[in-house]
Amino acid sequence: MSFTSWLYPFLLGSTTLLYWLLPQRGRVLLLLGVSYVFYATWDPRFLALLIASTVVDFLGGLAIAGERRPWYEVIILPWIPALWLTLHQASFVWANSGKPTGVTSFATAIIFAILYPFFYNQIFQIAEKSRPRVFLIFGIILQLTLLGYFKYFNFFCESLSSGLQLFGTSLSWTMLRIILPVGISFYTFQSMAYAIDVYRGKITPCRNFTLFAAFVSFFPQLVAGPIERGAHLLPQIENTPSFKIDYLRRGMRYVLVGYFLKIYVADNCAILADYVFHVTKGATTAPWALLGVVAFTFQIYGDFAGYTSIARGSAAFLGIDLIQNFRFPYISRGPSDFWNRWHISLSTWFRDYVYIPLGGNRGTRAEVLRNLIMTMFLAGLWHGAGWMFVLWGLYHGLLLVVYRVTPPLRNLEDSTASLWWRRPVSALLMFILVVFGWAIFRCGEETPAAFISWLYSFGNFSGLSASKPFVWLLIHVVPLLLLQSLTTSECDEARIEYLPQWARCIIYIILFLLVASSAVTDQEFIYFQF
Amino acid sequence: MLRSISSFLICVALLLATEVSVRYFLADNVSGRFQYGYSPTAGVVYESDGTVKLVRAGGRTYRPQSFKLKRDPGTIRIFTVGDSVPRGPSLKGAYPYILGQILNEKGIKTESFNLGTAGYGVRRCHVVLKQALTLHPSLIILHVNDSNEYEDEREWNRSQEFKSWAPKNWLMKSFIIRRLYEIKTEQIFWPLLPDVVRNQKDLNDFDAKLAALYNADKEKQWDALVRQETEKSVETVVAAHIPLILISRVTARILPQDGTPHLEKSWLNDFCESLVRPGVYHIPMYEVFKDQPVLPLFADSAHMHEPGHKILAEAIAARIEPLAREIIALQEKTP
């Protein structure tokens with residue numbers, strides 16, 4: 001179920017009402033139930049994956065901390081995905097009077113149910129000192145296998161085949177029809193972060209399976225983040241304070257701003273961006289090429305920041321605070337600053353679990369630069385199974401390296417500099433660099449040739465006039481910029497409580513009417529595909 | 001406790017107050033607003049004192065006119081139904097008004113009303129025509145065109161959009177929100193984005209229909225529709241025993257060879273001629289204008305300047321003068 005579905009407000013409203021009427025234990029169960037229903041509305045089969053991922057890190061987290069669960073728990077929990085698939089298949093056969101279809105997924109679930117307890121017991125046989133590390137690696141391998149199969153299998157096969165063709169060898173195989181489960185990159189990363197944090201001793205492992213499952217599947221942030229940490233979210237789900245009207249106030253504000261960003265800004269900018277990159281495949285004129293990429297720049301911000309804002313608002317209704325994922329990234333002074341403002345939960349994830357373990361800022365300059373490039377390579381790959389996404393990641397890695405090794409650029413990014421002109425100049429330069437990066441990124445959804453065509457378009461000045469569509473773009477971007485200018489000090493479009501009441505009323509009414517005037521286009525969130 | 005969400009409550013109260021005010025104080029204006037010309041009343045408002053007002057035919061307005069529903073004895077009442085061509089550059093500069101003036105000058109007491117509405121094709125004209133028959137007409141003029149079928153279809157789809165009470169349509173039940181959505185569609189979306197951008201994918205049902213415009217068979221279907229609906233309109237008027245004048249359109253074009261303007265006969269010419277029978281008359285615009293200079297009379301390929309309207313009004317007046325006298329004589333005999 002998407003946040004833009006008309007069902008979602010009903011789901012959120014009824015969940016909020018029930019949540020505050022129930023006692024604490026009931027709330028956790030309610031969250032888990034609603035989250036699973038929310039996820040199953042996309043494809044019920046993939047709920048089995050979510051449960052499997054949860055089981056792996058629940059038992060793994062406790063094992064890392066040295067706690068061996070009772071034998072029946074270790075045997076029963078891995079059977080839940082298979083049980084769910086059985087129920088799903090039975091209902092499918094009953095409803096359609098046909099044969100069961102998901103034999104492969106069912107067989108995989110059975111194998112998981114049999115092998116997981118076996119390996120679990122085997123790892124407990126090894127020396128106590130190295131056991132946590134082995135459990136951690138085992139858990140990470142399982143999560144990455146899940147992610148790798150569903151997201152990257154076909155990509156690697158295609159790349160291998162193309163690579164071999166360069167050497168005159170050809171491989172002929174049939175590509176598997178693999179559907180990417182929505183949100184898999186988000187919940188596997190959240191789950192892995194939990195296991196690593198337990199291993200590092202940053203958090204104590206969760207001993208309640210229901211609570212842990214509610215943490216992994218918490219519906220507001222399940223399919224597109226923000227990627228939460230156990231230390232932040234688990235205690236909030238476990239111990240909800242008593243109801244305060246302030247939760248509703250915050251929730252409504254975030255949800256309203258989120259819908260404004262998504263429906264008004266992103267979906268309307270998407271019309272231009274899709275025309276340039278999808279319809280013409282980048283082969284257009286210079287004004288349109290520029291218009292398309294700028295439109296995409298605001299589309300992707302509105303789309304993703306909008307999702308996050310609705311997620312934060314939905315969680316706020318339940319008294320839960322999700323981390324801020326965006327802080328006005330388009331006014332960044334440089335690439336480091338950009339990644340401190342864009343998709344913060346992912347960039348900090350890569351910082352904590354990839355960059356620092358690789359060596360981080362320690363070691364020689366060459367090693368630091370290598371760490372940066374490798375981290376950004378993986379961040380690019382995380383965004384999508386395609387070489388253009390990898391290229392986009394490497395492009396940002398290169399920007400980080402160039403800014404780091406070039407003193408004038410490093411000085412430009414330096415926030416302590418007192419020269420007044422540095423701020424706008426550095427922000428403008430970074431904005432241009434980011435916009436160029438988005439052209440690479442957007443072509444990742446099409447073909448690499450689209451990017452070449454897009455570049456060539458800058459040499460073509462005759463064709464369809466772009467002046468009126470430019471006005472369309474302005475109409476949908478200027479309100480966002482005005483809202484940001486009002487909330488610059490807070491770096492959060494939803495934080496307007498410092499304004500007088502009359503001003504807030506005007507802003508709320510304008511936002512609501514802008515959303516309502518665009519409420520018909522039905523575009524899905526971009527980040528669902530990651 | 002409610003103080004902390006007072007801003008939201010004030011907003012909700014303001015929006016509700018605006019909605020209620022609009023529906024209460026501007027009831028006439030709001031009526032049929034989102035039926036885009038398919039409202040059964042066709043934007044005709046009957047006042048309690050017996051006055052009839054022509055207000056709004058869906059999204060578009062009539063030329064503002066009002067009159068008593070009861071026709072004065074010895075007066076003929078003419079309604080001209082059609083699109084932007086009979087609607088004209090202004091109420092007094094369009095042929096229905098000029099026709100009334102000419103007939104009055106000739107001593108025939110005439111009330112001539114302009115029911116032309118921009119963009120109306122045969123389907124919506126039929127709705128207006130049916131309503132006109134309830135307003136005690138002596139004569140109906142139907143200006144037949146074949147250039148607005150796309151708009152008729154689009155507006156029909158718009159009138160159906162958001163009609164159900166499914167929750168996803170709840171917001172659009174509000175007048176101010178729907179109006180805002182409409183303004184954005186008409187004033188921003190259509191004018192600012194080229195067709196190729198708008199039609200890139202089916203943004204909604206309406207845009208799917210827009211894309212259907214590029215279907216080659218569509219034009220043939222629409223021509224068949226013009227025949228079918230015009231025949232239906234003729235039958236309706238004949239059944240009401242009201243004389244009907246059909247005016248068939250003409251197209252002004254610039255010749256590519258030498259750049260001179262000329263008039264082009266439409267297929268509607270022959271079609272309207274085929275509908276002529278007792279009580280149904282046909283005045284082809286081509287015949288009226290064929291010996292006239294094109295440029296001073298036509299504003300574009302279809303629309304005329306005031307002198308063009310005057311020539312057409314004179315032609316109609318010459319044709320219907322005996323008929324009008326006959327009608328008045330008949331009215332005097334039958335109370």
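Numbers restart at 1 for each chain; the letters A, B, ... are given by sequence-line order, proteins then strands.
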For this session: State whether the number of non-hydrogen atoms from other residues, nucleotides or ligands found under 6.0 Å of B:Lys130 atom NZ is greater than 12.
Result: no
For this session: Start with the C-alpha distance between B:Leu193 and A:Leu272, add both sets of side-chain angles, then the distance that settles side-chain contact (heavy atoms from CB on, under 4.5 Å), and finish with yes or no.
Result: CA-CA 9 Å; B:Leu193 296 180; A:Leu272 297 176; 3.7 Å; yes
Exercise. In terms of heavy-atom contacts, does NZ of A:Lys244 have more than 12 from other residues, nucleotides or ligands at under 6.0 Å?
Worked result: no
Problem set entry | B:Leu15 versus chain A, the contacting section by heavy-atom distance below 4.5 Å | side chain
Problem set entry | Interchain contact, A:Ile475 with chain B, by part (heavy-atom threshold 4.5 Å) | side chain
Seminar exercise, completed: One should read off an interatomic distance between B:Ile188 CD1 and A:Lys468 NZ, to the nearest 0.5 angstrom, of 13.0 Å
Problem set entry | Check: B:Asn169 and A:Trp6 side chains under 4.5 Å, non-hydrogen atoms | no
Exercise. How many angstroms lie between OG in A:Ser517 and CD1 in B:Ile176, if you round to the nearest 0.5 Å?
Worked result: 12.0 Å
For this session: Specify whether B:Phe189 and A:Trp472 have parallel, tilted or perpendicular ring planes, treating 30° as the upper limit for parallel and 60° as the lower limit for perpendicular.
Result: tilted
For this session: Select one option (side chain, backbone, both, neither) describing which atoms of B:Leu14 are under 4.5 Å from chain A's heavy atoms.
Result: side chain
For this session: For side-chain contact (heavy atoms from CB on, under 4.5 Å), just list the numbers for B:Ile10 and A:Gln501, CA-CA rounded to whole Å, side-chain angles, deciding distance to a tenth of an Å, and then say yes or no.
Result: CA-CA 9 Å; B:Ile10 290 170; A:Gln501 192 178 53; 3.7 Å; yes
For this session: Dump the intermediate steps for side-chain contact (heavy atoms from CB on, under 4.5 Å) on A:Tyr508 and B:Val12, then the final yes or no.
Result: CA-CA 10 Å; A:Tyr508 293 146; B:Val12 172; over 6 Å; no
Exercise. Is there side-chain contact between A:Phe10 and B:Pro167, with heavy atoms separated by less than 4.5 Å?
Worked result: yes
For this session: Hey, could you give me the CZ/CZ distance between A:Arg253 and B:Phe8, rounded to the nearest 0.5 Å?
Result: 6.5 Å
Exercise. Closest approach of B:Cys11 and A:Cys505, non-hydrogen atoms and distance?
Worked result: SG-O, 3.3 Å
Exercise. side-chain contact (heavy atoms from CB on, under 4.5 Å) between B:Lys184 and A:Leu513: does it pass, once the steps are laid out?
Worked result: CA-CA 11 Å; B:Lys184 186 170 178 195; A:Leu513 293 178; over 6 Å; no
Exercise. Of the backbone (N, CA, C, O) and the side chain (C-beta and beyond), which part of A:Phe470 lies under 4.5 Å from a heavy atom of chain B, both, or neither?
Worked result: neither
Seminar exercise, completed: Rounding to 0.5 Å, atoms OG1 (B:Thr18) and CD1 (A:Ile509) come to a distance of 7.0 Å
